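What follows is a short report on a single structure.
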Amino acid sequence: MRLPESQVAVLNAASATDERTIAQLAEATDLKPETVTGAAFDLRDEGLVSVTETVEEDVELTDEGVEYADDGLPELRLYRAAMDVGDGDAVPMGQVIGASALGGPQVDIALSNFARKGYGHIDSGELVPDSDVDADADDEAAALAALAAGDHVDADVLDQLESRNLVVRRERTIRAVTLTDEGVTALMEGVEAAETVDRLTPEMLTSGEWEDVEFTEYNVEADAPEVRGGKKHILRQTADRVKDVLVGMGFAEMEGPHADADFWINDCLFMPQDHPARTHWDRFALDVPPMEDIPEDLIDRVRDAHLNGVGDDGDGYHSPWSEDFARAIALRGHTTSLSMRYLSGHEVGELEPPQRYFSVEKVYRNDTLDPTHLLEFYQIEGWVMAEDLSVRDLMGTFEEFYSHFGITDIQFKPHYNPYTEPSFELFGRHPETGELIEIGNSGMFREEVLRPLGVECDVMAWGLALERLLMLMYGFDDIRDVHGTMCDLDLLRETEVLK
C-alpha cells in the first residue's frame, strides 16, 4: 500500500491499544499538528484509524485574578484590616481602607463583595465586621489558589469568578487516534511512502512533471491555524456605508477641526454663553491659546444676535457675551461647528442655494457612560440649503436615508433647540427589545443663526447618532459592546456591514 509520507508517519506512530492525541502524534512524527490532523482524517476515511473527539474546558486566570491570587481578594483584605484595627468593633471606613492598602477601583470591589459575602455591614460611615466569619474559608479565594496551582475547582465557584472577570474559560476539542484492525493489517503487510506534492507550480506545467507526480488530496475537514488579521472596525464600516448613501442622495462631505473655537461650536448656533451645556461640567475645554482666525465682522453680527436678536421683532438673550469665551478652544460637542464654518463661507467661500452637505465625524461630550451614551461618539451631521424648505422636506429626507438601512419605523417628537425652530427628535424601534430609542435631533435653522452667517434662504439640519443607527441595524443593546474598553472582540471580528 502506498500512502503519502505524512499518513505513513501517523500510521506508524499510532497504537491499536492506546489512544494517542494529535499533540502526541505531532511530537512523535515531528510534524505540525495541523498536518497530523489532516493525515488522521485521511486515514480515517480509508478505514485505517479511528478518530475520537472530546471537548475540554481550559480555565485561565486573568491579570486581575493573578493579582488577587497573590495578594488576596479585596474584600478579604478589607475584612482582615477591619478586624486588626477594631478588633471586631465598628471602625471608620477611611481608617479601614487606609489600613487595607486598597486603592482605586479595588475599594469599590471590596465594599460590594464585603456585604455580599456576609463579612459585615456598613453603618453611618463605619465598617462593622462580623467576628464570627472564618475568612480562611472563602471559597473564591481557595478557588483562585487552586487554579494558580493548576488544580480543578467547583463549577459554581468558577461561574462566580468568571462573573467577576477573574478567570477566562475556553473550550477546545481534543482529537485522539487509534489504529483499526485494517490499519494493523496494512502495517503488517507493509506501507510505502509515496512522494506527493500539495500544489501545482508553473515549473511543473512547463516541464510536464505534473503528469508523473501524485497530488495530495484536499481535505476540507482538516484543522487549520486560526489567522486573525486586521479589519476595519464595524463603526468605520457603518460610517463608510452612511457616506455612500448620502453621496448617492446628492450630498458633499464637510471636513474641519476636532478642537475648535467655542464661537463655531456654540455661539454661531445662538447658544447662550450661560447655557448649562457650555459649562466645564459638560464640555472638554482645552488649555491652549484662543483662536485668532475668526472674521471680526462675523463676530460682531453673532454678538449682536445674542444681545439684541435679529429683525424688528427679534429679542436676544440680554445676558453677558464674552469674546474671550467665544475664542476659547474646546473639543467639539457636535459637528454642527462644521456646518457653521461652511454656511458662513469661511471654509469654502460663499455658497449659493441649493446646497447639500454632511459629515460623519467624532464628537466629545462629558456624559455619564451607559448602554447608549459615551464620552466620544460619531455624529451624522447634515444640512440642506434651498428656497421654501419645510419640515415635510426634512421628514422625507430621513425616511429616504433610513430606508437604505432597512429601517422604516421612524417616529418624530416635537422638541426645543436654541438654534432650530421648529425642531423635533427622531426615534427608532429597537429590533430586539421593541423599545423606542432616540436616534437624532433636527429642525429648521432659526433666523438668529442664519442672518449673522449671511444666509438668506431656508436651511434644514440634523445631527444623528451613528452608534444608535448600528443598534437599530443589528439589535445591539449596549453600545459599549462595539466601542471602548468593554467591546466584544469576537463580535467585531464576525460582524460585517451589509452593502
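Just so it is clear, the structure is predicted and the values come from calculations on it, not from any experiment.
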Using salt bridge (charged side-chain N to carboxylate O under 4.0 Å, His left out) as the criterion, list what pairs up with R169, not counting sequence neighbours. E57, D159, E162
May I ask you to check whether over 12 heavy atoms, not counting those of D287, lie within 6.0 Å of atom CG? no
Test salt bridge (charged side-chain N to carboxylate O under 4.0 Å, His left out) on E53 and R44 and set out the steps. CA-CA 13 Å; E53 296 182 350; R44 182 198 62 181; 5.8 Å; no
Counterpart residues, salt bridge (charged side-chain N to carboxylate O under 4.0 Å, His left out), relative to D409 (two or more places apart): R429
Listed partners of R116 passing salt bridge (charged side-chain N to carboxylate O under 4.0 Å, His left out), at least two apart: E140
Salt bridge (Lys or Arg N to Asp or Glu O under 4.0 Å) pairs touching residues 17-32, sequence neighbours excluded, are none
Within 6.0 angstrom of D151 CG, more than 12 heavy atoms from elsewhere: yes
Restricting to ring-ring contact (aromatic ring centres under 6.0 Å, His included), what partner residues turn up for F377, sequence neighbours left out? none
All salt bridge (charged side-chain N to carboxylate O under 4.0 Å, His left out) counterparts of R341, not counting sequence neighbours: D260, E347
Report the C-alpha separation of F424 and F412 in whole Å, then their side-chain angles, then the decisive distance to 0.1 Å, and conclude whether the ring-ring contact (aromatic ring centres under 6.0 Å, His included) test is met. CA-CA 6 Å; F424 55 84; F412 305 98; 5.2 Å; yes
Which residues share a side chain to side chain contact (heavy atoms under 4.5 Å, CB included) with M93, sequence neighbours left out: I97, L111, I122
For W462, ring-ring contact (aromatic ring centres under 6.0 Å, His included) partners two or more places apart: F251, F398
In short, ring-ring contact (aromatic ring centres under 6.0 Å, His included) pairs touching residues 50-77 with sequence neighbours left out are none
NE2/H121: more than 12 non-hydrogen atoms of other groups inside 6.0 Å: yes
For E171, is the CD atom crowded, meaning more than 12 foreign heavy atoms sit under 6.0 Å from it? no
Does atom CD of E56 have more than 12 heavy-atom neighbours, drawn from other residues, nucleotides or ligands, at distances under 6.0 Å? yes
Atom CG of residue position D70 - does it have more than 12 heavy atoms of other residues, nucleotides or ligands inside 6.0 Å? yes
Any carboxylate oxygen within less than 4.0 angstrom of a Lys/Arg side-chain nitrogen, looking at D136 and R80? yes
Applying ring-ring contact (aromatic ring centres under 6.0 Å, His included) as the test, list every pair that has at least one member in residues 164-190; sequence neighbours left out. none
Taking the side chain as every heavy atom from C-beta outward, state whether N441 and H334 have any pair of such atoms under 4.5 Å apart. no
Could you note down all residue pairs passing ring-ring contact (aromatic ring centres under 6.0 Å, His included) where residues 76-116 supplies at least one of them, sequence neighbours left out? Y79-Y119
All ring-ring contact (aromatic ring centres under 6.0 Å, His included) counterparts of Y402, not counting sequence neighbours: none
So, does R332 use its side chain to make a donor-acceptor pair with the main chain of K362 at under 3.5 Å? yes
